[in-house]
Amino acid sequence: MMIIGCDFHPSWQQVSWMDTETGETGERKLVQASGDAERFYRQLPAPALIGMEATGNCHWLVDLLAELGHELWVGDAAQIRASCVRQQKTDRRDAEHIRILLQEGRFPRIWMPSSELRDLRQLLLHRYKLVIIRGRVKNELQHLCLNQGVQRKHKLWSQAGQKVLRELPLKLWAARRREDLLALLAMLDQQIDPLDRAVKEEAQRDKMALLLQTQPGVGAVTALAYVLTMGDVSRFQRGKQVASYLGLIPREHSSGGRQKLGAITKQGNRMLRMLLVEAAQIAVRFDPGLRKEYLHRCHQKPKAVAKVAAARKLAVRLYWMLRTEKPYPDVVRIESSPRVPLVGAS
């Protein structure tokens with residue numbers, strides 16, 4: 001069997017291999033554009049074990065290796081780097097280091113979604129990017145109004161607000177900017193609407209997404225994004241691991257018995273974290289438990305901190321809903337502490 005360590009780059013990849021039967025080792029640089037990588041993997045006897053760091057722009061390689069019958073392990077890049085004590089870092093040494101971790105059984109493997117899940121993620125990601133652009137366009141239109149002494153905030157997007165916006169006495173290029181921004185806003189709305197419908201249809205077909213929507217504040221977009229991002233929730237043993245995975249826990253630099261906490265790590269999925277914060281702001285209005293904790297924290301901390309704390313609480317609750325398959329409000333009885341039995345109601 002061939003064991004291969006791969007240091008992947010968009011233009012090329014450095015590989016280091018070992019044949020477990022003969023003990024033969026070797027290394028090679030594969031250029032993507034010339035087809036070296038595809039030829040190299042196609043001539044390998046299947047199945048071969050290939051390891052690489054988690055990185056972007058590699059879906060074509062993942063699909064190719066699956067088609068050829070090879071086994072691909074994707075590892076945590078930070079843990080792979082931390083396990084190397086040498087101060088010299090090169091592509092050749094990185095590939096060799098990954099191969100050695102595979103041989104010694106120390107490779108920090110992470111969960112990878114299937115090709116179907118990755119494609120559904122593209123639906124959510126595409127919608128998310130367009131919504132971000134739409135928000136920027138709306139902010140530019142708000143600035144046009146503010147520069148004319150008109151402040152309508154969210155009411156600017158009502159029928160009356162739109163009339164006020166179009167009737168603003170602007171000079172030549174300011175008026176041109178307004179018309180272009182309004183046309184761009186209409187085009188974005190036209191593109192986002194079918195994506196919203198597609199997300200709702202996919203959420204209706206997924207029973208886990210339907211389960212999450214029983215929680216007040218969680219809609220089709222947040223539910224589907226949570227299911228697709230978390231995948232198999234059994235890989236998390238506690239709710240704290242979920243909060244850490246999503247980057248909703250504070251940075252910590254404690255020493256000598258003195259605890260020092262900072263802002264949240266933001267190491268998880270940015271899109272899901274944003275959706276959870278938005279959902280939490282709605283959930284605190286309709287969920288008595290979350291509302292009580294949110295208002296109590298608002299007395300001690302800024303509102304932004306209280307919103308993130310509510311998002312963390314919501315993320316952990318959604319995890320337990322998937323773990324126990326209990327809808328709201330039965331899941332409220334379940335806490336993230338391992339001392340509490342995994343039941344929703346007795």
Side-chain angles (χ1 to χ4, degrees), residues 1-126 129 228-229 231-232 235 245 247 266-271:
M1 181 181 181
M2 295 289 290
I3 298 180
I4 302 174
C6 174
D7 185 41
F8 183 88
H9 298 273
S11 301
W12 76 89
Q13 52 185 283
Q14 182 74 30
V15 295
S16 173
W17 68 82
M18 188 193 77
D19 191 328
T20 57
E21 297 180 358
T22 64
E24 179 185 1
T25 62
E27 60 182 35
R28 184 178 172 186
K29 180 178 180 179
L30 307 173
V31 180
Q32 324 282 29
S34 62
D36 291 347
E38 185 171 354
R39 285 192 296 269
F40 173 78
Y41 291 115
R42 286 191 181 278
Q43 59 88 25
L44 284 177
L49 177 59
I50 302 163
M52 62 181 290
E53 295 180 349
T55 183
N57 306 317
C58 64
H59 289 172
W60 68 270
L61 180 60
V62 175
D63 295 335
L64 174 64
L65 296 178
E67 176 190 344
L68 298 176
H70 299 311
E71 186 175 5
L72 175 65
W73 286 13
V74 179
D76 187 317
Q79 293 187 37
I80 291 175
R81 181 57 186 163
S83 62
C84 182
V85 297
R86 302 192 64 172
Q87 297 299 313
Q88 295 80 18
K89 182 185 184 302
T90 65
D91 293 339
R92 295 174 60 186
R93 284 178 174 168
D94 287 347
E96 182 182 9
H97 179 57
I98 292 174
R99 173 178 61 80
I100 293 174
L101 292 178
L102 288 171
Q103 293 174 215
E104 298 177 352
R106 298 188 294 120
F107 187 77
R109 187 181 183 185
I110 61 175
W111 173 80
M112 282 290 291
S114 64
S115 60
E116 292 78 11
L117 290 183
R118 291 203 309 269
D119 190 53
L120 279 178
R121 285 182 174 187
Q122 291 299 312
L123 166 63
L124 290 169
L125 182 62
H126 183 43
K129 295 295 185 180
L228 295 180
T229 302
D232 183 11
R235 59 197 176 103
Y245 182 76
K266 297 185 179 181
Q267 287 184 311
N269 188 294
R270 179 185 300 179
M271 177 185 66

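Not measured: the values here are computed from a predicted model. Side-chain atoms are counted along with the backbone in the values below, which use heavy atoms only and exclude waters and symmetry mates.
A donor-acceptor contact shorter than 3.5 Å is absent between the side chain of Arg109 and the backbone of Gly51. Between the side chain of His70 and the backbone N or O of Leu65 there is no donor-acceptor pair closer than 3.5 Å. Listed for the Arg235 side chain is a donor-acceptor partner under 3.5 Å among the backbone atoms of Asp232.
In this structure, the ring-ring contact (aromatic ring centres under 6.0 Å, His included) partners of Tyr245, at least two apart in sequence or on a different chain, are Phe236. Annotation: side chain to side chain donor-acceptor pair (under 3.5 Å) contacts of Arg106 (sequence neighbours excluded): Glu104. Under the salt bridge (charged side-chain N to carboxylate O under 4.0 Å, His left out) criterion, Arg92 pairs with Glu27, not counting sequence neighbours. Listed by chain and residue number, Trp12 satisfy the ring-ring contact (aromatic ring centres under 6.0 Å, His included) test with His9 (two or more places apart in sequence, or in another chain).
When side chains are defined from C-beta on, Asp63 counts as touching Ser115, because their heavy atoms get closer than 4.5 Å. Lys89 is not listed as a side-chain neighbour of Cys84, based on a closest heavy-atom distance of 4.5 Å or more. For the pair Glu67/Arg42, a side-chain contact is recorded, criterion being any heavy-atom separation below 4.5 Å from C-beta on. Considering only heavy atoms from C-beta on, Glu38 comes within 4.5 Å of Leu64 through its side chain.
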With a 3.5 Å cut-off and sequence neighbours excluded, list the donor-acceptor pairs that the side chains of residues 72-81 form with protein atoms.
{"residue": "Trp73", "atom": "NE1", "partner": "Glu71", "partner atom": "OE2", "Å": "2.9"}
{"residue": "Asp76", "atom": "OD1", "partner": "Ala78", "partner atom": "N", "Å": "2.9"}
{"residue": "Asp76", "atom": "OD1", "partner": "Gln79", "partner atom": "N", "Å": "3.3"}
{"residue": "Asp76", "atom": "OD2", "partner": "Gln79", "partner atom": "NE2", "Å": "3.4"}

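The environment of CD in Gln88 is crowded: more than 12 heavy-atom neighbours from other residues, nucleotides or ligands sit within 6.0 Å. Around atom CD of Gln43, more than 12 heavy atoms belonging to other residues, nucleotides or ligands sit under 6.0 Å away.
Here the closest non-hydrogen pair linking Cys6 and Ile98 is O-CD1, 3.4 Å. Of all non-hydrogen atoms in Thr25 and Met18, the two that sit nearest each other are CG2-CG, 3.5 Å. Of all non-hydrogen atoms in Leu102 and Ile50, the two that sit nearest each other are CD1-C, 4.2 Å. Residues Leu228 and Arg121 approach most closely at O-NH2, 2.9 Å, considering heavy atoms. A pairwise comparison of heavy atoms in Ala46 and Gly69 identifies CB-O, 4.1 Å as the closest pair. The minimum heavy-atom distance linking Met52 with Leu61 is given by the pair SD-CD2, 4.1 Å.
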Output, in order, the C-alpha distance, side-chain angles, deciding distance and verdict of side-chain contact (heavy atoms from CB on, under 4.5 Å) for Met1 and Leu49. CA-CA 8 Å; Met1 181 181 181; Leu49 177 59; 3.3 Å; yes
Stepwise, does the side-chain contact (heavy atoms from CB on, under 4.5 Å) test hold for Asp91 with Lys29? CA-CA 9 Å; Asp91 293 339; Lys29 180 178 180 179; over 6 Å; no
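Gln122 CD to Leu125 CG: the interatomic distance, rounded to the nearest 0.5 Å, is 5.5 Å. Taking OH of Tyr41 as the start and CG of Leu68 as the end, the distance is 10.5 Å to the nearest 0.5 Å. The CZ atom of Arg39 lies 5.5 Å from the OG atom of Ser34; values are rounded to the nearest 0.5 Å. Remark: Asp7 CG to Leu30 CG distance equals 11.5 Å, nearest 0.5 Å. Atom CE of Met112 is separated from atom CZ of Arg118 by 6.0 Å, given to the nearest 0.5 angstrom.
Listed by first and then second residue, the ring-ring contact (aromatic ring centres under 6.0 Å, His included) pairs involving residues 98-117 amount to none (not counting sequence neighbours).
Side-chain contact of Gln103 with Arg99: a donor-acceptor pair under 3.5 Å is present, judged by distance alone.
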